[in-house]
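Values below: all heavy atoms of this structure, side chains included; hydrogens, waters and symmetry mates excluded. Since the model is a prediction, treat every value here as computed from it, not as a measurement. Naming: A, B, ... by sequence-line order, numbering from 1 per chain.
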Number of protein chains: 2
Amino acid sequence: MNNLSEQNYIQQISIDTVLFGYEEKQLKVLVPKLDFKGDFWALPSGFVYQGEDIEQAAERILRDRTGISNIYLEQFRVFGKASRNSMEFLDRLIELNPEKLGEKRHKQQEYDWFTQRFISIGYYALVDISKVVPQKNTLDESIEWYALHELPVMIMDHRQIVEAALQALRSDLDEKQNAFNLLPETFTMKEVQELYETIFDKPFVRTNFQKMILDLDVLERLEKKFTGAANKAPYLYKFKK
Amino acid sequence: MNNLSEQNYIQQISIDTVLFGYEEKQLKVLVPKLDFKGDFWALPSGFVYQGEDIEQAAERILRDRTGISNIYLEQFRVFGKASRNSMEFLDRLIELNPEKLGEKRHKQQEYDWFTQRFISIGYYALVDISKVVPQKNTLDESIEWYALHELPVMIMDHRQIVEAALQALRSDLDEKQNAFNLLPETFTMKEVQELYETIFDKPFVRTNFQKMILDLDVLERLEKKFTGAANKAPYLYKFKK
DNA sequence: AGTATATTGTATATTTTTTATACAATAATT
DNA sequence: AATTATTGTATAAAAAATATACAATATACT
């Protein structure tokens, strides 16, 4: 651990991010695994510098893990139960990693900082998964995309945070057209439909879906995409804006 | 000021509440005025105790100002700009109230606590305005309901917080039926319509509005209400649940 | 080259929902 | 008993959502 307790962070506030990507007809979430014994997976998280907007902090946390800026971000909820702290998780972490973390008392200051009760601001983010090269940070053993239905067991309430983020994403889709942020630069209508079917976990009727999306008037039609398949080639579209 | 800096509050986190009521066909907001020279109006605000859920904190803040519990509450957004602090406001407050607040340096600790950069969690709440007897707290000169269109100039970004709360209220109305929390125990359909027209600032067609509301299937029809007017008496309804 | 096949784009029919209009019921007043 | 202003409900018209039909087409297969 770095000397987090000495850095210029706001105390007791954390940012937890749920980064969604879309690949192989599945919604995926970027989840780092901690470089400690014991299989600990946690959402990309961080803290807010004194001179930093909370949105900047969320951007920074994601930029550090993805290498890309200008990620589509939405603040969706604050998790503020008094019982919300990492004491249980940290005790187990230390118990399983005595050689690395040493005796509690030798790291008391650091330990105390971490076991404070934290109020966490939840952000979800959407990316074109092909643009991201996941970046381990110093605490990570790995960082990988996990399909939503195959998420590993996560620490604390991180699983519930993912669930709340998914609900927010679905709900936002009614007014915002943010789903297109999950797709590559260009895509076919079929790909859009598969994405929507994945997000809402229900089928759409092809012809009406096509009309509905085109009526949104947010797509620009490009050239055709010839795949070599023995059928009519679909048009490519891009999200205008 | 009490010794806020010595109390067991989480630092740099505040709760700002926008309490909506409905009276005389107007949406109103409960706004205390500070008991200092200089006309300072601020939203009912407060801090979070170490052992307290953020929602409990919001409830407590509103209970203290209204005397009632079980207020309908919704967390709607976090305001977290780095530039968000009360320094400007406090400087002016002290400047205008030297006899009461004394020299800055004599209250340095208190002053420092207040001028920290705060991240504020916004809650809006809905009440039956007739149930509330506004309670001044020790810092208030007055506390009054102000029509949304006649709000006094408020400190810091509190006016924008009200605006964001109103937007959230409107947006939530699509899925939740929380508007009924603004009405008294029983009400006529006309009163419901007037409330909706006030919230959305647009007219509804009476017959279709009535059907729409009844189709929600959240109202229970009671006896008629005889007002003495020379026309058919309307039914009273109550919000079931 | 001509036919077959799977998919795509669009048009149209059908159903449902929303909005507009009509009208009977009724609580006082005259 | 007729009059008036509202209320409750029914129905007509318009719009939106959903279902169905079909022509266009990129390639494979004969």
Identify every side-chain donor-acceptor pair in residues 164-192 of chain A under 3.5 Å, counting partners at least two apart or on other chains, and give the distances.
from	atom 1	to	atom 2	distance (Å)
A/R170	NE	A/I199	O	2.8
A/R170	NH2	A/I199	O	3.1
A/D172	OD2	A/Y124	OH	2.5
A/N178	ND2	A/Y72	OH	3.1
A/N178	ND2	A/Y124	OH	3.2
A/N181	ND2	A/N178	O	2.8
A/T188	OG1	A/E191	N	3.3
A/E191	OE1	A/T188	N	2.9

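- Computed from coordinates, the A/F187 CZ to C/dT8 P distance equals 15 Å when rounded to whole Å.
- Axis angle across the helix from C/dA1-D/dT30 to C/dT30-D/dA1, with five pairs used at each end and values rounded to 10°: 20°.
- Taking the six-membered ring where tryptophan is involved, the planes of A/F89 and A/F40 are perpendicular, since the angle between them exceeds 60° and thus also 30°.
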All N/O donor-acceptor pairs, side-chain side in residues 200-228 of chain B, below 3.5 Å, sequence neighbours left out:
from	atom 1	to	atom 2	distance (Å)
B/K211	NZ	B/D215	OD2	2.7
B/T227	OG1	B/A229	N	3.3

task = Show your working on ring-ring contact (aromatic ring centres under 6.0 Å, His included) between B/F118 and B/F47 and close with a plain yes or no.
result = CA-CA 10 Å; B/F118 272 92; B/F47 308 105; 5.4 Å; yes

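- Nucleotide C/dT29 holds its C1' atom 19 Å from the NZ atom of B/K232, rounded to whole Å.
- Checked against side chain to side chain contact (heavy atoms under 4.5 Å, CB included), A/D35 has the following partners two or more places apart in sequence or in another chain: A/K100, A/E141.
- Heavy-atom distances under 4.0 Å link DNA chain C to B/V205, B/T207, B/N208, B/K224 of residues 202-224 of chain B, given in residue order.
- The closest donor-acceptor contact from the side chain of A/E197 to the backbone of A/E194 lies at 3.5 Å or more, if one exists at all.
- Around atom CZ of A/R77, no more than 12 heavy atoms belonging to other residues, nucleotides or ligands sit under 6.0 Å away.
- Rounded to whole Å, the distance from CD on B/Q193 to C1' on D/dT6 is 13 Å.
- From B/R159, atom CZ reaches atom CG of B/L43 across 10.5 Å, with rounding to the nearest 0.5 Å.
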So which protein N/O to nucleotides 3-5 of chain C N/O distances come out below 3.5 Å?
from	atom 1	to	atom 2	distance (Å)
C/dT5	O2	A/A230	O	3.1

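- Each of B/L236 and A/A229 was assigned the nucleotide of DNA chain D with the nearest heavy atom; the assignment lying further toward the 5' end belongs to B/L236.
- Between the P atom of C/dA25 and the OH atom of B/Y235 lies a distance of 13 Å, rounded to the nearest Å.
- Atoms CD and CD1, from B/Q12 and B/I10 in turn, are 11.5 Å apart once rounded to the nearest 0.5 Å.
- The CE-P distance, from A/M189 to C/dA6, rounds to 23 Å in whole Å.
- A cation-pi contact links B/K33 to B/W41, judged by a cut-off of 6.0 Å to the six-membered ring centre and 45° from its axis.
- Distance CE/B/M156 to OG/B/S83: 9.5 Å, rounded to 0.5 Å.
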